[in-house]
Amino acid sequence: MNAVARFQAGEEKVDCAAPLAVDAKKAHGMILAGRALANMQVKGHLSFEDNFKLTHLPDGLTVASLDLSGCSGIRELPCDLRVRRLNISGSIVQSLPPLGCYELEARSSSLVTLPEGLRVEGRIDLSGSTKLVALPPKLKTGSLVLANCVSLESLPEELDVYFLDVSGCAGLHEWPQKASIRIGRLNASNCFNLRELPSWLREVSQLDVSGCANLHSLPDDLRVSSWIDVAGTRISRLPRASQGVGVRWRGVPIDERIAFRPDTISVDEVLAETNSEVRRVLLERMGYEKFLLEAEAQTLDCDRDPGGERRLMRVMMQDDEPLVCLSVFCPSTQRQYMLRVPPATGTCRQAAAWIAGFDRTEDYNPTLET
Amino acid sequence: MVLHEHLQQFAGKPVVDWSEDAGLKDAANPIARLSLSYDEYDTNAKWLDLFAAFLEEPDVSQVTGIVVGVWDFESSETSQSIVEALVSARDRLPNLRALFLGDILSEENEMSWIQQSDLSPLFDAYSELEHLGVRGGSGLNLGSPRHEKLQSLRVETGGMDAGIVQGLNRAQLPNLEHLELWLGTSDYGATVAIEDLQPILGGELFPRLRYLGLRNCEMADEVARAVASAPIVERIQTLDLSLGSLSDEGAQALAQSPSIARLEKLDIHYHYCSDAAVEALRSAINGELDATDAQKPDGYDGESYRYVAVGE
Amino acid sequence: MSSGFVLIANAHSRRVALWQQARARLGSEPARIVSYLDLLCGRVRLQDEVRRDDVVRIESPGRDWEVERALLRLGADDVETGFDRFSHRELEALSFEKGRILAPRRWSLGWNRALQLIETQLGECAPHRLMNAPREIATMFDKPRCHQLLGQNGVRVPHALGEVRSFDELMSRLEETGCRRVFIKTASGSSASGMVALRVQGAQLHATTTVEMVSCGAQTRLFNSRRLQVHRDLETIARLIDALCCHRVHVEEWLPKAGFTGCTFDLRVVVIASCVRHTVVRMSRTPMTNLHLLNKRGDLELLRSRVPPEAWRAAMKTCEDAMKCFPDSLCGGVDLMWTPDYKRHAVLEVNAFGDLLPDVSHQGVDTYTAQLQAPAQRAPA
């Protein structure tokens with residue numbers, strides 16, 4: 001039986017004899033007043049959310065959950081802290097003792113690394129911990145969330161998890177030689193520097209590689225059982241072992257054909273689509289240029305800028321706002337661009353102003369548009 | 001609204017509330033229900049606290065079933081963290097055979113407000129799983145499960161997305177005997193069409209199916225018509241079209257089906273059929289007919305409405 | 001020898017008949033009836049009716065349109081601005097409309113006046129014993145006050161969000177408190193009258209109600225309906241809550257109720273002379289469990305086998321504790337619920353006239369006989 005359960009079982013006998021089992025509210029006051037004894041056992045959940053006065057916790061503190069999120073006065077935790085769920089999100093805690101707990105929440109934390117010997121059975125959430133540069137080798141937990149840990153360049157060797165979220169880890173450019181991510185989910189969206197998925201990745205339920213602009217293909221023996229999000233990648237087909245799996249485009253479930261054979265999308269298909277999210281994906285896949293051309297868009301306005309002719313075009317959509325785009329020629333790239341603007345835009349000038357970031361046309365007076 | 005009582009039984013075993021104080025008395029036998037109480041919710045407790053404590057039980061490896069109750073009274077959290085926790089605990093629960101996710105009552109939350117998530121990792125995580133149930137269709141995804149041992153799958157929704165059924169149409173569940181789908185109403189997101197059900201009705205998809213439930217369905221008459229002539233009826237023992245808006249039209253289609261007679265049980269309870277139509281059905285089948293809880297259509301502004309049992 | 005018994009009541013009500021039956025069964029002389037209408041019109045005075053050593057019981061004034069009108073007339077002058085007001089002329093022109101939520105605020109002020117009148121007159125009567133004190137009846141009828149009194153005395157009640165005067169105020173109160181599910185009920189008024197169960201999730205709303213809105217010019221008239229209605233659109237819900245707020249409302253958190261045999265339930269527990277006596281399980285498939293919505297009764301013995309014994313004992317003690325807040329009331333009907341895990345119970349309401357359970361017996365007697373047999377009814381103050 002664990003410590004918390006033990007003290008709870010013995011709670012009725014305990015009165016003034018040590019160790020004291022204190023309810024959370026009382027413990028909260030005692031700790032802040034600096035009157036808490038070592039080895040204090042707390043019944044319930046202790047929260048010091050956004051507290052700036054807390055500087056120390058008693059040695060040997062035992063509590064079911066401890067919330068230190070946003071605490072700006074405490075840098076270190078007692079080494080023999082016993083807790084099932086610890087939250088140090090947004091706090092100034094800089095290093096952790098080698099705890100054993102069920103869940104560690106450390107979003108936007110000041111952590112640079114995690115200690116070797118840390119055992120977190122369920123979940124570690126370090127998302128937005130921008131100073132994090134390394135994790136200990138052989139780290140094993142259920143779910144590991146490293147979203148937007150931008151300083152992280154690699155993952156530890158022999159990492160063992162079921163769910164891994166490295167979305168937005170722009171610095172990540174390689175995978176460990178040997179590691180395990182299985183059964184659950186790999187979210188590697190917007191990892192621009194990833195060029196491939198590791199060969200040891202065999203079977204997950206969900207795979208999100210959307211926005212991985214440098215990813216060209218997926219391993220053929222990778223089996224994904226639920227869905228793959230391939231938006232914004234260069235992937236041109238599903239792995240052989242994942243035929244028939246759900247395909248998503250930035251979270252929107254779509255047909256495989258829309259993802260990999262956008263040339264087959266017709267204007268009628270776009271206009272007939274009743275789900276507006278899906279319709280936006282269809283439009284994006286088909287390309288505004290092609291759509292406006294084939295849909296015989298109405299020209300709302302037409303003028304000239306230093307680049308040449310500009311055209312504001314509109315197509316009405318059922319149950320959704322109309323598609324209004326400004327067609328411009330960019331002299332520096334020598335290309336025609338189609339840029340979507342708010343549906344109420346009436347003139348090319350307004351559209352160009354909106355694109356440049358101005359709400360009022362009067363404020364927009366460029367000498368040369370590029 | 002019929003969901004007023006927590007599961008008393010699941011997978012043929014009694015369901016008993018687990019709490020840290022009471023502990024796990026007979027780990028292998030009853031199914032443990034882990035639910036956040038309204039009071040605990042007020043004190044910053046999370047469902048995961050309960051689960052973490054549960055995993056510390058000395059006999060947890062013998063546990064054969066878990067029922068997940070309320071995890072959130074504000075419907076702001078999805079079941080994703082619970083699915084992750086369950087998957088992550090797979091080594092601790094080697095004997096898990098039965099899992100129900102969302103034993104949540106109408107009093108505790110609207111069924112359509114229960115925020116579910118992608119449950120597909122559970123199939124790979126628990127290779128011994130035999131019974132899986134889930135309540136709430138919002139955000140729900142099952143993928144296309146492949147599982148050798150799954151015997152029963154029960155999906156209760158107020159409105160089922162067609163994607164769920166389309167995913168199941170590609171599933172490989174060679175031992176599935178019980179398939180129960182609460183299709184719900186379009187008001188709450190039901191998009192399943194009869195065509196989506198055809199692979200199931202064809203009978204080849206799940207060769208060992210004995211029970212087919214297409215329940216809580218607003219297009220119960222159409223479903224009844226499709227089922228009446230479907231090969232699946234030749235294979236199953238029980239057809240359950242209960243809790244839906246079944247009326248005489250659907251009942252007549254069933255009564256005229258040549259294969260309906262061989263069913264061991266036809267369940268249409270909570271229905272909108274006339275006495276005559278019920279009698280016609282009764283004489284058409286040799287097995288048991290449950291036609292209790294007959295409803296009257298609701299007249300409003302000159303229109304007549306037939307509501308499903310759990311329209312929420 | 002049994003003492004004389006005076007009932008202040010509507011002479012032809014079912015309650016009077018039940019009291020008379022109970023008297024007859026015990027071999028006592030029939031109760032003498034003082035009718036509300038006579039009392040309120042000044043045609044009789046209690047001083048002339050109550051004799052030495054009589055037992056006096058104040059009964060419900062309900063279900064008599066003439067008495068309703070008399071009470072509304074009495075309450076006319078006390079109504080604060082912002083609540084339902086209509087002129088004397090309008091009042092005289094009113095005719096009975098089934099289920100209409102007419103003017104509960106005004107009605108309750110009139111009822112308070114009537115209770116004050118009874119108290120004053122009883123003060124001038126020969127020494128007698130009173131079954132239920134007018135002040136306590138008034139408190140039980142006032143839901144916010146009753147809730148507060150119970151809470152202050154440590155009786156478990158749902159958390160109250162206080163009074164609100166409009167839908168907007170309600171929404172900002174929900175925002176402040178973090179409460180996402182509430183019952184809104186008229187502050188005075190019985191059972192499920194004027195009740196809305198509201199849940200909020202993000203921008204989504206879900207209201208279940210017994211109240212039906214009927215537009216009448218710019219005015220919205222409210223009716224209690226047996227047909228439960230569900231609303232999800234903000235505009236309708238706002239209109240409904242705003243209309244109810246004109247009658248003064250009490251808002252409290254909606255605790256999820258336990259259920260069994262396919263229904264949710266609460267208990268009506270009749271406490272007589274500090275002891276739990278008659279208990280009825282009120283079953284419902286909706287958030288409203290009150291009997292007058294034609295909900296069926298549940299099997300008490302089956303329920304007892306379901307509820308953990310310690311949870312049952314604690315809840316019964318709570319019912320008795322609730323009635324300790326009303327020391328001058330021999331009897332009260334306590335509405336009690338459990339959460340689905342039976343870890344928590346709460347008193348929802350205390351009903352001054354909650355003893356109308358004609359076919360329920362406890363230890364072989366009905367609620368009325370039990371009260372007549374109860375020891376030591378209060379001596380005069």
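Below, chain A is the first sequence line, B the second, and so on; all start at residue 1.
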Parallel, tilted or perpendicular: rings of A/H28 and A/F48 (30°, 60°): parallel
Among A/S225, A/S65, A/G142, A/S205, residue most engaged with chain B (heavy-atom pairs, under 4.5 Å): A/S205
Pick from A/R182, A/E103, A/E121 with the largest number of heavy-atom pairs that fall under 4.5 Å of chain B: A/E121
Pairwise side-chain contact, A/L96 with A/L114, heavy-atom cut-off 4.5 Å (strictly under): yes
B/L99 and B/L86, any side-chain heavy atoms less than 4.5 Å apart: yes
Structural part of B/D118 lying under 4.5 Å from a heavy atom of chain A: both
Most contacts with chain A, counted as non-hydrogen pairs under 4.5 angstrom, among B/Q166, B/E57, B/K46: B/K46
Contact class of B/L55 relative to chain A, heavy atoms under 4.5 angstrom: side chain
Validation row: B/E180, B/V155 side chains within 4.5 angstrom (heavy atoms): no
B/Q172, part contacting chain A, at a heavy-atom distance under 4.5 Å: neither
Choice from B/A45, B/A125, B/S81, B/G163 maximising heavy atom contacts with chain A below 4.5 Å: B/A45
Donor-acceptor contact present, side-chain B/S19 to main-chain B/A22, <3.5 Å: yes
Candidate list B/L181, B/L129, B/L179, test side-chain contact (heavy atoms from CB on, under 4.5 Å), partner B/L153, passing option: B/L179
Proximity breakdown for B/D91 and chain A, heavy-atom pairs closer than 4.5 Å: side chain
Greatest number of heavy atom pairs closer than 4.5 Å to chain B - which of A/R185, A/K25, A/E203: A/R185
Portion of B/F123 that has a non-hydrogen atom of chain A nearer than 4.5 angstrom: neither
Side-chain touch B/W47/B/V68, heavy atoms, less than 4.5 angstrom: yes
